[in-house]
Amino acid sequence: MDIGPILLTVFLSTLPVYFFFAIGFLLRHKQVIRLEHDAPIMRLAMDVAYPCLVFHSIMKYMVLSGDEKLSSFGFSAQAIGMGALELLVGIGAAWCVAKVMRMRIGTGLRTFALSAGIQNYAFFVIPIIQMLFSAADDPTLGVLFVHNVGCELVIWSIGVMIIAGGAANLNIGFFFKGTLLAVILGLSLAWLGLGSYVAHPPIMKTLEMIGNCATPLCLILFGCSMRDLWVDMKWEVKPIVCGLVTRLLIAPILILFLAWILPVDDIIKRIMVIQAAIPSAVIPIILAKRFGGQPNLGTQILLTTTVVAFITLPIWLTIGHKFVLPLY
């Protein structure tokens, strides 16, 4: 199979993400979206639009599709387990790299482990899935949100324990966020066979229209933040290089290997292939600020992996397409 068309297709599928970043960067530069606008826009996106997107997707692909496999507890558990495993592997790899760098607790070890180990598993992935799997009956997007429950479980348990230095700051309150409530409610309705009583056209269309706002808003706001951070950042070469190697080389190899060797469903494998190529997430920076880590270190890794992934992401998706599972 000629690699050229494959590489071009996956490259084009990643472009919308960077277009949104560029729009946000420009809007902040022109002060169309000012810093004081960020909080209300983010609340609208995360507390209203994103839960609607999640619930709509689960209802559409796990209930209305009529596929008993997708709505089964076993399939959901498999997806959640792979989401958790990906983050554990990434954090473990980053921790080992940090130890090789002779980082210690108090000098960036914990922040590096989370920043280089955790990928942007939601909003970076959504538009790529929507581009690659655009068929109306394709369930990949709905399965992504189930998969991401595993990521959330790791972040708010092991991730918090790592960055906070213990279990004292664990809080079950994260279960009551709108997004996870939407997942829990959607899965419960699917497992109990009650989803058809909720998934009626007026409700579904309303959820879809509101939910479609979530990804553009969040990606544009991330572009705004990139502009703020990029201007003021003091760069440190060694942790940046190690972060790039960890997040965009070591982690993809390990996750693609897991996707290749583990006997999981092909829909979950395709999500793992995409997740393997994704740059760092914002949440480690938030945790570092809250629990006394080094947010500047996490920010440098976030920004540089996001920029460099413009090149590496299509390459890893192409490798996954050829050697793990065809993506289209």
**Request:** Would you give the length of the straight line joining atom CD1 of I283 to atom CH2 of W156, rounded to the nearest 0.5 angstrom?
**Result:** 4.0 Å
**Request:** Please answer whether the main-chain N or O of A309 pairs with a side-chain N or O of W316 as donor and acceptor at a distance below 3.5 Å.
**Result:** no
**Shortest non-hydrogen separation from P279 to L248 and the atoms involved** = CA-CD2, 4.2 Å
**Asked** For the atom pair CD1 (I118) and CD1 (I155), what is the distance rounded to the nearest 0.5 Å?
**Response** 4.5 Å
**Fill in**
Smallest heavy-atom separation, V146 atom then I80 atom, equals O-CG1, 3.2 Å
**Asked** Under a 4.5 Å cut-off applied to non-hydrogen side-chain atoms, are M272 and V264 in contact?
**Response** yes
**Prompt:** Is the closest side-chain heavy-atom distance between V307 and L303 below 4.5 Å?
**Reply:** no
**Message:** Rounded to the nearest 0.5 Å, what separates atom CD1 in I128 from atom CD1 in I278?
**Reply:** 4.0 Å
**Request:** Report, as yes or no, whether the 6.0 Å neighbourhood of atom CH2 on W235 holds more than 12 heavy atoms from other residues, nucleotides or ligands.
**Result:** yes
**Asked** Does the ring centre of F20 sit less than 6.0 Å away from the ring centre of F222?
**Response** no
**Request:** Mark yes or no for whether H56, through its side chain, and L53, through its backbone, hold a donor-acceptor pair below 3.5 Å.
**Result:** no
**Asked** In the single-linkage hydrophobic clustering (I, L, V, M, F, W, Y; side-chain heavy atoms under 4.5 Å), do I311 and I274 co-cluster?
**Response** yes
**Request:** Assess whether atom NZ of K289 is packed by more than 12 heavy atoms of other residues, nucleotides or ligands within 6.0 Å.
**Result:** no
**Request:** State whether the number of non-hydrogen atoms from other residues, nucleotides or ligands found under 6.0 Å of M209 atom CE is greater than 12.
**Result:** no
**Item:** Pair listing, side-chain hydrogen bond (donor to acceptor under 3.5 Å, both in side chains) test, anchored in residues 268-283, at least two apart
**Value:** Q119-Q275, D138-R270, T140-R270, S280-T305
**Request:** Establish, yes or no, whether a centroid distance under 6.0 Å links the rings of F257 and F323.
**Result:** no
**Validation row: V183, E152 side chains within 4.5 angstrom (heavy atoms)** = no
**Prompt:** Would you say the side chain of L85 lies within less than 4.5 Å of the side chain of L262, judging by non-hydrogen atoms?
**Reply:** yes
**Prompt:** So, the side chain of Y18 versus the backbone of T306: is there a donor-acceptor pair under 3.5 Å, distance only?
**Reply:** yes
**Prompt:** Do any N or O atoms from the side chain of D266 and from the backbone of L325 form a donor-acceptor pair under 3.5 angstrom?
**Reply:** no
**Asked** Would you say T111's side chain and Q294's backbone share a donor-acceptor pair under 3.5 angstrom?
**Response** yes
**Request:** Please report the closest heavy-atom contact between T14 and P314, naming both atoms and the distance.
**Result:** OG1-CG, 4.2 Å
**Item:** Side-chain heavy atoms of L256 within contact of V273, under 4.5 Å
**Value:** yes
**Message:** So which atom in A277 and which in L317 form the shortest heavy-atom distance, rounded to 0.1 Å?
**Reply:** CB-CD2, 4.2 Å
**Message:** Within the structure provided, determine whether I286 and V282 are in side-chain contact (heavy-atom separation under 4.5 Å).
**Reply:** yes
**Asked** Distance from S72 atom OG to M62 atom CE, nearest 0.5 Å?
**Response** 7.0 Å
**Asked** Do you know the tightest heavy-atom contact between M46 and C218?
**Response** SD-SG, 3.8 Å
**Message:** Quick check: do P40 and R43 have side-chain heavy atoms less than 4.5 Å from each other?
**Reply:** yes
**Fill in**
The complete set of side-chain hydrogen bond (donor to acceptor under 3.5 Å, both in side chains) pairs with one or both residues in residues 214-228, sequence neighbours excluded, reads R28-D228, H29-R227
**Asked** Rounded to the nearest 0.5 Å, what separation is found between the CG atom of L244 and the CD1 atom of I250?
**Response** 11.5 Å
**Message:** Go through it in stages, so that I can follow the logic: the residues are S76 and W191, the test is side chain to side chain donor-acceptor pair (under 3.5 Å), and I'd like the CA-CA distance, side-chain angles, deciding distance and then a yes or no.
**Reply:** CA-CA 10 Å; S76 301; W191 294 338; 3.3 Å; yes
**Message:** Less than 4.5 Å apart, side chain to side chain, heavy atoms only: is that true for M103 and P239?
**Reply:** yes
**Prompt:** Just how far is it from atom SG of C52 to atom CD of E208, taken to the nearest 0.5 Å?
**Reply:** 11.5 Å
